[in-house]
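Before any comments, here is the structure.
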Protein chains: 2
Amino acid sequence: MTNIKDLAKMAGVSVTTVSRVLNEHPYVSEKKRMAVLEAIKATNYHKNINAVHLSKGNTLLMGVVLPFTGHPYFASLLKGIARIALEHDYKLVLFQTDYLESRELDALLMLKEKQIDSLIICSRACSLATIEEHLHYGSIVLCENIKREQISTTFVNHYSVFFEALEYLYQKGHQKIGYCIGRRSGSSSKKREQAYKDFLVKYDLHFRPEYIMDNCLYVEDAEKIIKELKTMEVPPTALLVTNDQIAAGVVTCCHNEGIAIPDELAIIGFDNQPIAKMMNITTIDIPHEQMGENLFLQAVGEEISHTEVKVKLIERGTV
Amino acid sequence: MTNIKDLAKMAGVSVTTVSRVLNEHPYVSEKKRMAVLEAIKATNYHKNINAVHLSKGNTLLMGVVLPFTGHPYFASLLKGIARIALEHDYKLVLFQTDYLESRELDALLMLKEKQIDSLIICSRACSLATIEEHLHYGSIVLCENIKREQISTTFVNHYSVFFEALEYLYQKGHQKIGYCIGRRSGSSSKKREQAYKDFLVKYDLHFRPEYIMDNCLYVEDAEKIIKELKTMEVPPTALLVTNDQIAAGVVTCCHNEGIAIPDELAIIGFDNQPIAKMMNITTIDIPHEQMGENLFLQAVGEEISHTEVKVKLIERGTV
DNA sequence: ATAAAATATGAAACGCGTTTCAGAGCAAGA
DNA sequence: TCTTGCTCTGAAACGCGTTTCATATTTTAT
């Protein structure tokens with residue numbers, strides 16, 4: 001395999017000059033430049049990028065940590081990241097964690113070992129302390145509502161979003177409101193739960209633990225939700241659903257089971273995915289792609305910032 | 001930043017010995033090993049992985065080229081790849097191409113420059129010749145039904161699958177069958193089209209160009225499909241739909257428009273996604289995750305192979 | 001007891017592009 | 001004319017871990 005030294009010999013110049021040509025530095029005479037370019041063409045030369053990485057100390061590789069890629073929420077985030085990464089000549093290294101801390105540690109290790117320049121953690125299982133330990137190896141950005149001095153974040157204020165959704169349902173006459181959630185231990189789920197509890201207190205409503213349904217991650221969990229609803233003596237009249245995909249599943253199930261929407265059960269989804277529009281599901285628009293872009297920019301940028309993204313209730317037919 | 005040389009000095013050994021300890025080579029005395037380990041602990045040392053890459057000539061990085069990550073078909077493929085990559089200590093570099101050849105060339109360039117060891121191309125826009133030019137830089141595997149000596153492939157026989165689906169519909173009494181497709185110029189689409197034409201010939205059916213609907217990639221394209229159907233003087237009585245997501249959209253639209261399924265319009269989806277089960281859509285099960293795994297194994301393996309995966313018609317309520 | 005094999009260790013070469021530094025040549029401004 | 005200040009060039013150092021080779025010391029086998 002040809003290397004820069006060979007080129008130098010062929011073109012009758014120094015390796016420095018070859019490097020200059022390769023990197024389009026000025027201060028190379030046209031004559032030598034041509035000689036080098038010819039040598040490059042003749043040998044079909046290309047850089048060994050690993051040598052470049054070693055030398056420069058960076059790789060233009062950005063790590064992206066997410067639990068699942070198939071999940072529409074993360075897919076949209078990833079799409080946004082990918083689009084802007086392209087513009088900035090970054091490539092993405094994917095860490096699909098399934099919420100296993102060990103996989104996140106893999107990513108942090110790669111940062112430490114300089115294989116990636118920075119890291120976007122879309123959803124986190126490891127502790128903040130662990131992340132902070134790795135901050136000086138490269139920038140790490142998070143997609144959650146926390147404000148540390150050293151860590152940039154882009155987030156949805158799940159507390160207020162959830163609270164507003166609940167208020168909306170209350171205004172529509174609902175007092176028995178349940179919700180389902182992907183992973184109750186997650187940081188945004190906790191904010192939602194807090195909002196839920198505060199809402200109940202505000203309107204002096206009774207707390208029914210069975211109204212919170214955990215582990216609703218996939219379309220197929222919709223069946224589980226409806227089944228559970230049917231076992232309840234006092235079922236909720238409205239449901240906030242993890243996301244639109246699952247909301248679509250719930251709507252379909254209700255259809256199958258003869259539950260009228262919104263009369264017997266009102267539904268609000270999250271994310272404003274195409275399926276929600278198609279099935280006329282009331283939902284909350286969250287600009288995921290834009291969030292992805294922002295995360296990327298924070299990761300490559302110098303300053304620390306905390307960006308709260310704006311969301312919007314989309315009123316449709318399921319409330 | 002500490003390096004291996006510093007460690008050697010601290011531990012009073014040679015860099016070779018340090019390297020041996022780091023890589024768990026045998027032939028290091030317990031005493032020296034301990035000394036090195038202590039130095040490592042004291043300095044919080046970690047390898048500069050780029051130096052390792054340069055030295056070893058590989059990166060344990062696998063490129064994955066796909067047009068969109070959000071698309072359920074590619075998401076499943078990716079999921080399969082990710083799972084097995086983890087087992088093999090490989091990390092994935094994602095190339096989201098949007099079917100732009102330039103992005104695929106990016107990936108091929110990374111292979112050439114040794115930043116990735118091998119490349120899985122899930123869907124291709126560039127020419128086979130271009131791919132073949134890059135084969136000696138690392139292995140490249142494809143996810144389509146072609147059989148070149150140098151390129152491993154894992155594929156669905158879209159021709160026979162499509163043909164069988166058409167036969168199934170024919171047996172059910174359908175003679176006016178349309179289909180929609182993601183990207184008509186794609187290689188699998190061409191096989192489907194051939195199957196479609198051969199089917200028409202076999203049963204002496206009339207070819208109606210409007211029965212082939214191109215560019216159906218997302219759920220929201222379902223509306224377009226139904227709209228088009230309604231403009232036809234002789235609309236098809238059955239539709240093979242790109243995938244289950246879109247099929248779900250079509251079913252929903254038909255619902256909205258009062259088109260009875262399967263009586264007025266029969267539907268067959270592809271992929272056997274959860275949504276199809278939920279909505280009771282007849283579909284064709286394609287083991288994407290398994291395909292992903294196989295692609296990965298082919299990419300890291302030595303021999304060239306061509307694997308045809310088995311698919312299965314899942315009879316449900318839309319035919 | 002002696003040859004053969006295994007264990008242990010380090011110097012040096014290797015992978016390869018980038019960057020700093022020193023210096024030469026030449027033109028523009030004082 | 002002399003001083004700046006560009007333009008152009010290359011030697012050498014740098015980033016850093018791996019691997020080969022030569023050598024020395026022990027063990028094991030015969």
Side-chain angles (χ1 to χ4, degrees), chain A residues 1-37 39-40 43-61 89 109-117 137-138, chain B residues 1-37 39-40 43-61 89 109-117 137-138:
Chain A
M1 207 108 290
T2 323
N3 61 30
I4 203 175
K5 220 165 155 183
D6 300 329
L7 288 184
K9 206 174 292 172
M10 288 180 65
V13 300
S14 69
V15 294
T16 315
T17 298
V18 176
S19 178
R20 287 200 183 96
V21 173
L22 289 172
N23 295 289
E24 294 175 5
H25 277 302
Y27 300 162
V28 179
S29 66
E30 202 51 29
K31 208 165 128 188
K32 301 212 169 182
R33 180 188 307 281
M34 293 315 282
V36 171
L37 289 176
I40 289 173
T43 56
N44 187 27
Y45 168 83
H46 51 90
K47 291 188 195 182
N48 179 329
I49 208 80
N50 292 130
V52 178
H53 294 331
L54 172 59
S55 188
K56 291 218 179 172
N58 68 8
T59 57
L60 294 181
L61 239 39
D89 274 324
L109 182 64
M110 264 179 83
L111 191 67
K112 195 170 177 178
E113 290 181 336
K114 290 168 150 299
Q115 190 165 11
I116 54 180
D117 291 350
Y137 299 117
Chain B
M1 207 108 289
T2 323
N3 62 30
I4 203 173
K5 220 164 154 184
D6 300 330
L7 288 184
K9 205 173 292 171
M10 288 179 64
V13 300
S14 70
V15 294
T16 315
T17 299
V18 176
S19 177
R20 286 200 183 96
V21 173
L22 289 171
N23 294 290
E24 295 176 3
H25 277 302
Y27 301 163
V28 179
S29 67
E30 201 51 31
K31 207 165 130 189
K32 301 212 169 183
R33 179 188 307 281
M34 292 316 281
V36 172
L37 289 177
I40 289 173
T43 54
N44 188 27
Y45 169 82
H46 50 92
K47 291 188 195 181
N48 180 328
I49 208 81
N50 292 130
V52 178
H53 294 331
L54 172 59
S55 188
K56 291 217 181 173
N58 68 7
T59 57
L60 294 181
L61 238 39
D89 274 324
L109 182 64
M110 266 180 81
L111 191 67
K112 195 170 176 177
E113 291 181 335
K114 290 167 152 299
Q115 190 165 11
I116 55 179
D117 291 350
Y137 299 117

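Below, chain A is the first sequence line, B the second, and so on; all start at residue 1.
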- request: May I ask you to decide if A:S19's main-chain N or O and A:N23's side chain share a donor-acceptor pair within less than 3.5 Å?
  value: yes
message: Strictly distance-based, threshold 3.5 Å: is any side-chain N or O of A:D117 a donor or acceptor partner for the main-chain N or O of A:T59?
response: yes
Mind listing the closest non-hydrogen atom pair of [X] and [Y] along with its distance?
{"X": "A:R33", "Y": "A:H25", "result": "NH2-O, 3.9 Å"}
{"X": "A:N44", "Y": "B:Y137", "result": "ND2-OH, 3.1 Å"}
{"X": "B:V52", "Y": "B:K47", "result": "CG2-CD, 3.8 Å"}

At under 4.0 Å between heavy atoms, what does [X] touch on the DNA or RNA strands: base, sugar-phosphate, or nothing?
{"X": "B:T17", "result": "sugar-phosphate"}
{"X": "A:V18", "result": "nothing"}
{"X": "A:S29", "result": "sugar-phosphate"}
{"X": "B:N50", "result": "nothing"}
{"X": "A:S19", "result": "base"}

Once you round it to whole Å, what is the distance between [atom2] of [N] and [atom1] of [X]?
{"X": "B:H25", "N": "C:dG10", "atom1": "NE2", "atom2": "P", "value": "15 Å"}
{"X": "B:E24", "N": "C:dA8", "atom1": "CD", "atom2": "C1'", "value": "18 Å"}
{"X": "A:K56", "N": "C:dT20", "atom1": "NZ", "atom2": "C1'", "value": "15 Å"}
{"X": "B:E30", "N": "C:dT7", "atom1": "CD", "atom2": "C1'", "value": "14 Å"}

task: Quickly, which of A:I4, A:V13, A:V28, A:L7 forms a side chain to side chain contact (heavy atoms under 4.5 Å, CB included) with A:V21? Name it, please.
output: A:V28
query: Who pairs with A:S55 by side chain to side chain donor-acceptor pair (under 3.5 Å), at least two apart in sequence or on another chain?
result: none
Closest-nucleotide 5' rank along DNA chain C - winner of B:V28 and A:S55: B:V28
Nearest-nucleotide 5' precedence on DNA chain C, B:T16 against A:M1: B:T16
- request: Report yes if at least one side-chain N or O of B:K32 is closer than 4.0 Å to OP1 or OP2 of C:dG10; otherwise report no.
  value: yes
- request: Starting from the 5' end of DNA chain D, give me the residue, A:Y27 or B:L54, whose nearest nucleotide shows up first.
  value: A:Y27
query: Which nucleotide span of DNA chain D, 5' end to 3' end, has atoms closer than 4.0 Å to non-hydrogen atoms of chain A?
result: D:dC6 to D:dC16
